Amino acid sequence: MRKSRFTEAQIIGMIKEQEAGMPTAEVCRRHGLSPATFYKLKSKYGGMEVSEAARLKALEDENAKLKRLLADTMLDNVVLKDLLGKN
């Protein structure tokens, strides 16, 4: 997955600028991103504070780790069943 150029704090700052009344086109121009990217980030981080965004990132990382562990365990189960079935 591609790493964002902006931190969660920067993204939330951009969203707050737009919510404070600055036109979206101006926010995008100042920070060098497209309006589509801005609205995508706004849908993910809109209404959050920096601490909540950090918590979201931690939960996403933990979820990815748990998914990898589950996939590894399921693969191990398949291999063991194949070995036991052949005997």
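Atoms considered below: every heavy atom in the structure, side chains included; atoms not considered: hydrogens, waters and symmetry mates. On a predicted model such as this, the values are computed, not experimentally measured, just so you know. Each residue takes its place number in the sequence, starting with 1.
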Q: Salt bridge (Lys or Arg N to Asp or Glu O under 4.0 Å) with K57: which residues, sequence neighbours excluded?
A: D61
Q: Could you tell me which residues satisfy salt bridge (Lys or Arg N to Asp or Glu O under 4.0 Å) with D76, sequence neighbours excluded, listed by chain and number?
A: none
Q: Are any of the side-chain nitrogens in K44 or E60 under 4.0 Å away from the carboxylate oxygens of its partner?
A: yes
Q: Let's go through H31 and Q10 carefully: what are the C-alpha distance in whole Å and the side-chain angles of both, what is the deciding distance for side chain to side chain donor-acceptor pair (under 3.5 Å) to 0.1 Å, and is it a yes or a no?
A: CA-CA 10 Å; H31 296 285; Q10 290 172 325; over 6 Å; no
Q: Tell me the closest heavy-atom pair linking M48 and I12, and the distance in Å.
A: O-CG2, 3.6 Å
Q: Tell me every residue that passes salt bridge (Lys or Arg N to Asp or Glu O under 4.0 Å) with E26, counting only those two or more places apart in sequence or in another chain.
A: R29
Q: For Y45 versus I15, what's the shortest heavy-atom pair and its separation?
A: CB-CD1, 3.8 Å
Q: So which heavy atom on T24 is nearest to which on Q18, and how close?
A: OG1-NE2, 3.1 Å
Q: Under 4.5 Å between side-chain heavy atoms, chaining through other members, with only Ile, Leu, Val, Met, Phe, Trp and Tyr counted: pull out the rest of the cluster around L70, sorted by chain and number.
A: M74
Q: Among residues at least two apart in sequence or on other chains, which ones pass side-chain hydrogen bond (donor to acceptor under 3.5 Å, both in side chains) with E19?
A: none
Q: Can you find a pair of side-chain heavy atoms, one from L33 and one from L41, that are under 4.5 Å apart?
A: yes
Q: Could you give the distance from CG (N63) to CZ (R68), rounded to the nearest 0.5 Å?
A: 10.0 Å
Q: Which residues satisfy the side-chain hydrogen bond (donor to acceptor under 3.5 Å, both in side chains) test with T37, sequence neighbours excluded?
A: S34
Q: How long is the gap from CD on E52 to CG on L56, to the nearest 0.5 Å?
A: 9.5 Å
Q: How long is the gap from CZ on R30 to CE on M22, to the nearest 0.5 Å?
A: 4.5 Å
